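These numbers come from the heavy atoms of this one structure, side chains and all, not from hydrogens, waters or symmetry mates. This structure is a prediction, so every number in the text was calculated from the model and none was measured.
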Amino acid sequence: MPYIAIKGFPKDDETVRKVAERINATLLELWGCRQEHINISYDAVPPEEWDERIEHGEIAQNMDKMLICGGKWMK
């Protein structure tokens, strides 16, 4: 219970940690789960691989599951 997979251009470790900490805090506060149930991963995707792997791959294949896409709420 919940698993959040973050994929984005490479960022420094401090930035990645801060983002994960905020997501973690939000899940604790709003999702109502315990700390030991939270899983967050980070995959640094090089810009030259983004379109093929993420835009045309994962995003396009999961449009029915997207909550926000291109900055706009989908559901």
Side-chain angles (χ1 to χ4, degrees):
M1 199 343 247
Y3 168 51
I4 307 296
I6 302 167
K7 297 174 188 222
F9 289 171
K11 296 289 184 189
D12 61 274
D13 291 344
E14 182 180 353
T15 299
V16 171
R17 183 166 184 84
K18 285 180 180 179
V19 168
E21 286 172 350
R22 287 192 185 186
I23 292 169
N24 185 69
T26 299
L27 289 171
L28 289 170
E29 177 187 350
L30 300 176
W31 205 264
C33 60
R34 296 191 323 232
Q35 181 63 60
E36 60 267 22
H37 295 150
I38 296 174
N39 302 284
I40 301 173
S41 66
Y42 170 63
D43 182 9
V45 179
E48 62 272 11
E49 296 178 16
W50 185 263
D51 284 345
E52 183 179 342
R53 279 184 56 195
I54 307 302
E55 288 289 337
H56 303 300
E58 293 187 36
I59 293 173
Q61 293 170 18
N62 290 292
M63 286 303 292
D64 60 325
K65 299 174 190 169
M66 299 299 292
L67 297 177
I68 299 174
C69 189
K72 298 177 183 170
W73 280 99
M74 302 299 288
K75 296 181 179 189

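Expressed to the nearest 0.5 Å, how far CH2 of Trp50 lies from CD1 of Ile59 amounts to 6.0 Å. Once rounded to the nearest 0.5 Å, the distance linking CE of Met74 with NZ of Lys72 reads 9.0 Å. Atom CG of Asn39 is separated from atom CE of Met1 by 10.5 Å, given to the nearest 0.5 angstrom. Distance check, rounded to the nearest 0.5 Å: OG of Ser41 to CD1 of Ile6 gives 7.0 Å. Rounding to the nearest 0.5 Å gives a distance of 5.0 Å between CD1 of Ile38 and CG of Leu27.
The stretch residues 22-31 participates, sequence neighbours left out, in these side-chain hydrogen bond (donor to acceptor under 3.5 Å, both in side chains) pairs: Asn24-Gln35.
Heavy atoms of other residues, nucleotides or ligands lying less than 6.0 angstrom from CD of Glu52 number 12 at most. Under a cut-off of 6.0 angstrom, the local environment of CG in Asp13 is sparse, with at most 12 non-hydrogen atoms contributed by other residues, nucleotides or ligands.
Of the possible polar contacts, one joining the Tyr42 side chain to the Lys11 backbone as a donor-acceptor pair under 3.5 Å is found.
Taking both residues in full, the closest heavy atoms of Ile40 and Ala20 are given as CD1-O, 3.6 Å, listed atom of the first, atom of the second, then distance. In plain terms, the two heavy atoms of Lys7 and Glu58 that are nearest each other are NZ-OE2, 2.8 Å. Annotation for Val45 and Pro10: closest pair O-CD, 3.4 Å, computed over non-hydrogen atoms.
Evaluation of the salt bridge (Lys or Arg N to Asp or Glu O under 4.0 Å) rule for Lys18 yields Glu14 as partners, not counting sequence neighbours.
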